[in-house]
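Have a look at the structure below, then the notes.
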Amino acid sequence: MAQPLIHGVTVDDLFQVPGQPPLVDPQPFQSFLALDYGKKRTGVATGNRMLGRATPGKSIAATGDARFAAVAALIAEWQPQALVIGIPYHPDGAAHENTRRATNFGRQLSQRFKLPVYTVDERYSTTEALASGAADADATAACIILEQFFNTLP
């Protein structure tokens, strides 16, 4: 059983299971780091709830521990209070292998960094980023994911 961190919240509670409501509610004025997980590259965006806007960062072109080291450096630089990760699905909503990979990545983020991790259905975010002519489609997709997240908040 996971040990409570603060006010009865455990590391297991920090990860929002896709399709379920979060166990830790986002707070007003919170800042976020959003990630568009990919096998080879991970798009990055930052934003805050007050403005409801996202700004692209430089995508991470690393895998494994090097990817986590890059995320750790971004967390140290931006000091977000929470993370948002896109979870991909087939157009009909069915899960696939990358759904599992992104979900596992999100769980690892919450365990390693002890930050809430919110999940967003990111179907078509990369397609939308490419259609916009983005120079870094992964970072633009991360912006789309974060702004979708902001749009779900009251």
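What you see is a predicted model, and the numbers here were worked out from it, not measured in a lab. By convention here, the first residue in the shown sequence is residue 1.
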Worksheet, complete the sentence: NZ (K58) and CG (D138) are apart, to the nearest 0.5 Å, by 12.5 Å
Worksheet item: Between P56 and C143, which heavy-atom pair has the shortest distance, and what is it?
Response: N-SG, 3.1 Å
Item to complete: Salt-bridge test for D65 and R112: reply yes if a basic N is under 4.0 Å from a carboxylate O, no otherwise.
Response: yes
Worksheet entry | Contacts of type ring pair (Phe, Tyr, Trp, His ring centres under 6.0 Å), residue Y37, not counting sequence neighbours | F105
Worksheet entry | Minimal non-hydrogen separation, A129 against I144, with atom names | N-CD1, 3.9 Å
Worksheet item: Heavy-atom distance under 4.5 Å between the side chains of V120 and T152, does that happen here?
Response: no
Worksheet item: With a 4.5 Å limit on heavy-atom distance, are the side chains of H96 and P88 in contact?
Response: yes
Worksheet item: Got a donor-acceptor contact below 3.5 angstrom from the E147 side chain to the I145 backbone?
Response: no
Discussion item. What I'd like to find out is whether the side chain of I87 reaches to under 4.5 Å of the side chain of T103, using heavy atoms alone.
Written reply: yes
Fill in: Derivation and outcome, side chain to side chain contact (heavy atoms under 4.5 Å, CB included), residues T46 and L74
CA-CA 10 Å; T46 58; L74 290 169; over 6 Å; no
Worksheet item: In terms of hydrophobic clustering (I, L, V, M, F, W, Y; side-chain heavy atoms under 4.5 Å; direct or indirect links), are L146 and V44 co-clustered?
Response: no
Fill in: Contacts of R67 that satisfy side-chain hydrogen bond (donor to acceptor under 3.5 Å, both in side chains) - sequence neighbours left out
T42
Practice prompt. Hey, can you tell me if F32 and F149 have their rings parallel, tilted or perpendicular (30° and 60° cut-offs)?
Written response: perpendicular
Practice prompt. Could you list the residues that satisfy ring pair (Phe, Tyr, Trp, His ring centres under 6.0 Å) with F15, not counting sequence neighbours?
Written response: none
Discussion item. Please tell me whether L109 and I60 are part of a single hydrophobic cluster in this structure, the criterion being side-chain heavy atoms less than 4.5 Å apart.
Written reply: yes
Worksheet item: With hydrophobic residues grouped by side-chain heavy-atom distances under 4.5 Å, do F113 and L14 end up in a single group?
Response: no
Item to complete: Heavy atoms only: give me the nearest E122-Q148 pair and the separation to one decimal.
Response: CA-OE1, 4.4 Å
Item to complete: List in chain and number order the residues that pass side-chain hydrogen bond (donor to acceptor under 3.5 Å, both in side chains) with N104, two or more places apart in sequence or in another chain; answer none if no residue qualifies.
Response: none
Practice prompt. Establish whether L33 and F68 are linked, either directly or via other cluster members, by ILVMFWY side-chain heavy-atom contacts under 4.5 Å.
Written response: yes
Response to the item:
Separation between CD (Q79) and CG (L115), nearest 0.5 Å, reads 10.5 Å
Practice prompt. Could you pull out all residues at least two apart from E97 that satisfy side-chain hydrogen bond (donor to acceptor under 3.5 Å, both in side chains)?
Written response: R100
Discussion item. My understanding is that only residues two or more places apart in sequence, or in another chain, count here; which of them pass side-chain hydrogen bond (donor to acceptor under 3.5 Å, both in side chains) with E77?
Written reply: none
Worksheet, complete the sentence: Closest heavy-atom pair, Y124 versus P91, reported as atoms and distance to 0.1 Å, is OH-CB, 3.1 Å
Practice prompt. Taking the side chain as every heavy atom from C-beta outward, state whether Y118 and V24 have any atom pair closer than 4.5 Å.
Written response: yes
Worksheet item: Taking side chain as C-beta onward, heavy atoms only, is M50 less than 4.5 Å from P28?
Response: no
Worksheet item: When S59 is tested against each of T140, D36, D136 for side chain to side chain donor-acceptor pair (under 3.5 Å), which residue passes?
Response: D136
Fill in: Sole residue of I85, D121, T119 in side-chain contact (heavy atoms from CB on, under 4.5 Å) with P18
T119
Worksheet item: Within the distance-only criterion (no hydrogens, no angle test), does the side chain of R49 pair as donor or acceptor with the backbone N or O of Q30 below 3.5 angstrom?
Response: no
